[in-house]
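The first residue of the sequence shown is numbered 1, and numbering continues consecutively from there. These figures come from a predicted structure and were not determined experimentally.
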Amino acid sequence: MKAGAALLTIAAAVAAACGRSAVERAAPHPNVLLVTIDTFRADRLGAGVTPALDRLAGSGVRFTNARTAVPLTLPSHTTILTGLLPTAHGVRENGLDALSAAHPTLARLLKAARYRTAAFVGAFVLDRRYGLAEGFDTYDDRIPRDPRATERLEAERPASAVIDAALAWLEQSPATSNQQRAPFFIWIHLYDPHAPYNPPAEFRARAKSAYDGEIAYADSQISRVFTWLNDRGLTNETMIVVAGDHGEGLGDHGERTHGMLLYDSTLRVPLVIALPAGLTGRPGLTGRPGLTGRPGLTGRGGFAAGTRDEVVSLVDIAPTILRAAAVDVPGEMKGRNLLAPGTSVADIYAETEYPRVAGWSPLRGLTDGRWMAIRSSGATELYDLRNDPHEEHDAAPAQTATAAAMAARIDAIHASGKASKPTVAPDTQERLRALGYVASSLQPAVGSNATNPARTIERWNQFEEALSLLEDRPAAAVPILSRLASENRDGPVFQTTYARALKDTGQIKAALAAYRDAARRWPTDATLLHDLAVTAREAGDLDEARRADEAAIAIAPASPIAHNGAGLVAIDQHRPADAVREFERATALDPTNSSYWTNLGNARREVRDVAAAEQAYRRALDLDARGSDAANGLGVLLVESRRPAEAVPWLERAVAAAPDFVEARLNLGIALQQSGQIDRAASVYRDVLHAPVRFARERRAAAALLASLGAR
């Protein structure tokens, strides 16, 4: 036994000998609150940035050596909710993979144990289409999205909106100590610390950096939930788990953000577990090896509060919660119960496949607490975390045996998992060939000598800088992306983003050529093919647009953006019935996307299905009350249905939301005229006459309508 290790009393030892720890023997089922804070570095907890979470850590257990399995949001949360490594659950990258329903999740298992379940997420990257909604009675992923880029994974809502929704759910289904009332499991995800960092002004003013301001803001919002629990006497009936999903580089090892490298700046995360007093029937459990808490501080649960320093993984969260809730842990969950006594240190595996998008080598890592090994293209780095905690000196040349042993373990773990290079089915290959595209693999091949991203991380930083410029100053991004595309010919993300920059700056012919070239090299990238379709449509080549979106659908039948694109092309080609089918498919796949519902309303109006069109418009407005296109569409539909007075407030809403929406302003005048409000109609028509010259059609119509009213 290590010197200074805490001892188990006889009661806890007996419990362990019987096969279940004292914690696992709890009779009541506690409420469970799981909070995940995106991009939360481990070193920000306990540093004065997060007062609410610091207080929670003081009454529970803080794990100082917790690590994620993947420094990316979707794969990491999949690991948290399944208790599986990415090699087992198969979700390796954001936006590309979805969890199979074959894997049991924390929500499904707790729901089966009669828990009420709800999730509230802060970013589109965790949209229900990626498989995490399974088992939740409520899965709130209502993320506002830009109609011009509905699939942008970084689309988010602020922590205040997430917490408002979560508290509303808790208020509507209050938990009590009444045993007839089912306990709740609620998962809250806050995305705010993710780049770009833009905290509310009051938090930025008090913080050392914008990143710290985002962390502090997230902390202030989650404290509202803690207050709610306390005010209703539920704190001592609720198990609380708070974790980061991954860290942030902030310049460490040259990485500004995360996803490309596997150093502790992005792998280590905060992890705090606080047990409810309802699980305190185990007075003998005072700690276990690695527990360094303050003597006598037992906190809210039956285990001592304080810190634990052994290496743990986010894969351990699901089995730990299930054990505390007295729910059997499925055999496929390989994570450990962190509340069980005598938990031994195990190898902690991590990986990132993300560098493939740049044509670089994926990375795999392993730590046993002392050593950290990172594999790339057959080479191994090794770091002595005890003497080199910042991983600045590669010890592999001096510790060849240790490096070789850890490399072998990494390779074995990776080889035991699911293949990350699926192929295209023969029938899909044939369909692609008929559309002019030929390929057999769904992912770009990366050579055995591919570049270690740690050697080229500055190029990635430049790429991220160009992405930021692309939002507001696309012309400034073009030369940067042109150079990066030239220097990284095997990186699909460099080629396609350069093509996007060309399109966004109006260089449609050059953009189309760049997309075509990329599609020849990576013909089974569904997103790339859809982007090609969008650009071809802008160039007026509707046949190519149709073929490219059909190819995207052949590869990814569940791609709502491709179905939406196919619907838009169908409208352009005067095939409204086909458009209706495509938009219906898009809304079924992505039911929280207001722009898809608006498009469906427009298509149904084209085929004269008035009731269904109105339903689609109203659904769009339920999702986005400021949706000017939907409000205009509904107004036009009501005017066409001889209900102009009902149309007026909707068209007024459209104009208020988008003052430059000249078509909606013209339609408002028509609705006012048809409802007998002649003076107001004339005033609106005069406003349209002052619109910019590019709105010649609307100006001509307004002049004619104004003339029809006489001299007013």
Asker: May I ask you to check whether over 12 heavy atoms, not counting those of D328, lie within 6.0 Å of atom CG?
Answerer: no
Asker: With sequence neighbours left out, what residues match D411 under salt bridge (Lys or Arg N to Asp or Glu O under 4.0 Å)?
Answerer: R375
Asker: Grab the two heavy atoms, one from T497 and one from V493, that are nearest each other, plus how far apart they are.
Answerer: OG1-O, 2.6 Å
Asker: Could you list the donor-acceptor pairs under 3.5 angstrom formed by side chains in residues 394-408, with sequence neighbours left out?
Answerer:
unit_1: D394; atom_1: OD1; unit_2: L382; atom_2: N; d: 2.9
unit_1: D394; atom_1: OD1; unit_2: A396; atom_2: N; d: 2.9

Asker: Pairs under 3.5 angstrom only: tabulate donor-acceptor contacts from the side chains of residues 62-73 to other protein residues two or more places apart or in another chain.
Answerer:
unit_1: R62; atom_1: NH2; unit_2: L45; atom_2: O; d: 3.1
unit_1: T64; atom_1: OG1; unit_2: R308; atom_2: O; d: 3.3
unit_1: T64; atom_1: OG1; unit_2: D309; atom_2: OD1; d: 2.7
unit_1: N65; atom_1: OD1; unit_2: R67; atom_2: NH1; d: 3.2
unit_1: N65; atom_1: ND2; unit_2: D309; atom_2: O; d: 3.0
unit_1: R67; atom_1: NE; unit_2: D264; atom_2: OD1; d: 2.9
unit_1: R67; atom_1: NH2; unit_2: D264; atom_2: OD1; d: 3.4
unit_1: R67; atom_1: NH2; unit_2: D264; atom_2: OD2; d: 2.6
unit_1: T68; atom_1: OG1; unit_2: V70; atom_2: N; d: 3.3
unit_1: T68; atom_1: OG1; unit_2: V70; atom_2: O; d: 3.0
unit_1: T68; atom_1: OG1; unit_2: S76; atom_2: OG; d: 3.0
unit_1: T68; atom_1: OG1; unit_2: D245; atom_2: O; d: 2.9
unit_1: T73; atom_1: OG1; unit_2: D38; atom_2: OD1; d: 3.1
unit_1: T73; atom_1: OG1; unit_2: D38; atom_2: OD2; d: 3.1
unit_1: T73; atom_1: OG1; unit_2: D245; atom_2: OD2; d: 3.3
unit_1: T73; atom_1: OG1; unit_2: H246; atom_2: NE2; d: 3.4

Asker: To check you understand the geometry: which heavy-atom pair defines the closest contact between G259 and Y354, and what is its length?
Answerer: O-CB, 3.5 Å
Asker: Which atoms form the tightest heavy-atom contact between L529 and P523, and what is the distance?
Answerer: CD1-O, 3.4 Å
Asker: Specify the closest pair of heavy atoms between F494 and A358, including all atoms of both residues, with the distance to one decimal.
Answerer: CE1-CB, 3.6 Å
Asker: Closer than 3.5 angstrom, by distance alone: can the side chain of T496 be matched with the main-chain N or O of L528 as a donor-acceptor pair?
Answerer: no
Asker: So, taking the atom named CD1 in I188 and the one named CD1 in I222, what distance separates them when rounded to the nearest 0.5 Å?
Answerer: 4.5 Å
Asker: Ion pair present between E351 and R92, side-chain N to carboxylate O less than 4.0 angstrom?
Answerer: yes
Asker: With rounding to the nearest 0.5 Å, note down the distance linking CG in D219 to CG in D212.
Answerer: 11.5 Å
Asker: Can you say whether the rings of H253 and Y263 are parallel (under 30°), tilted (30 to 60°) or perpendicular (over 60°)?
Answerer: parallel
Asker: Tell me, please, which residues at least two apart from R455 pass side-chain hydrogen bond (donor to acceptor under 3.5 Å, both in side chains).
Answerer: none
Asker: Would you please say whether a donor-acceptor pair under 3.5 Å links the side chains of H77 and T36?
Answerer: yes
Asker: Between CZ of R500 and CG of L470, what distance do you get to the nearest 0.5 Å?
Answerer: 4.0 Å
Asker: Would you kindly say whether H530 and S559 are connected by a side-chain donor-acceptor distance under 3.5 Å?
Answerer: no
Asker: Run R489 and D517 through salt bridge (charged side-chain N to carboxylate O under 4.0 Å, His left out) and show every step you take.
Answerer: CA-CA 11 Å; R489 292 294 300 165; D517 181 62; 3.3 Å; yes
Asker: Do the side chains of D384 and R386 get close enough for a salt bridge, i.e. N-O under 4.0 angstrom?
Answerer: no
Asker: Check the orientation of H189 and W187. Use parallel for under 30°, tilted for 30 to 60°, and perpendicular for over 60°.
Answerer: tilted
Asker: So, E464 versus T257: side-chain donor-acceptor pair below 3.5 Å or not?
Answerer: yes
Asker: Do Y191 and E214 have side-chain N/O donor and acceptor atoms under 3.5 Å apart?
Answerer: no
Asker: With no hydrogens and no angle check, is any side-chain donor or acceptor of E458 less than 3.5 Å from a backbone partner on G254?
Answerer: no
Asker: Where do D368 and R370 land on the salt bridge (charged side-chain N to carboxylate O under 4.0 Å, His left out) test, with the steps shown first?
Answerer: CA-CA 6 Å; D368 59 6; R370 167 70 187 277; over 6 Å; no
Asker: Can N452 and E381 be counted as having a side-chain donor-acceptor contact under 3.5 angstrom?
Answerer: yes
Asker: Could you work out, with side chain to side chain contact (heavy atoms under 4.5 Å, CB included) as the rule, every residue matching A98, not counting sequence neighbours?
Answerer: none
Asker: We want to know whether T50 and D54 form a side-chain donor-acceptor pair, criterion being a heavy-atom distance below 3.5 angstrom.
Answerer: yes
Asker: Applying side chain to side chain contact (heavy atoms under 4.5 Å, CB included), can you list everything that pairs with R483, at least two apart in sequence or on another chain?
Answerer: Q462, I480, E487
Asker: I want to check something: taking the side chain as every heavy atom from C-beta on, are D97 and L74 in contact at a cut-off of under 4.5 Å?
Answerer: no
Asker: I need the R364 CZ to S376 OG distance, nearest 0.5 Å.
Answerer: 9.0 Å
Asker: Out of curiosity, L132 CG to L99 CG, how far, rounded to the nearest 0.5 Å?
Answerer: 6.0 Å
Asker: Minimum heavy-atom separation for Y383 to E391, with atom names?
Answerer: CE2-O, 3.3 Å
Asker: Can any side-chain N or O of D388 pair as donor or acceptor with the backbone N or O of L385 at less than 3.5 Å?
Answerer: no
Asker: Identify the two heavy atoms, one from P75 and one from V91, that lie closest to each other, and give their separation to 0.1 Å.
Answerer: CB-O, 3.2 Å
Asker: Is there a side chain to side chain donor-acceptor pair (under 3.5 Å) between H103 and E332? Walk through the geometry before answering.
Answerer: CA-CA 9 Å; H103 297 299; E332 75 172 80; 3.1 Å; yes
Asker: Give a yes or no answer on whether the side chain of Q495 reaches the backbone of A485 with a donor-acceptor pair at less than 3.5 Å.
Answerer: yes
Asker: I want to check something: taking the side chain as every heavy atom from C-beta on, are E248 and T266 in contact at a cut-off of under 4.5 Å?
Answerer: no
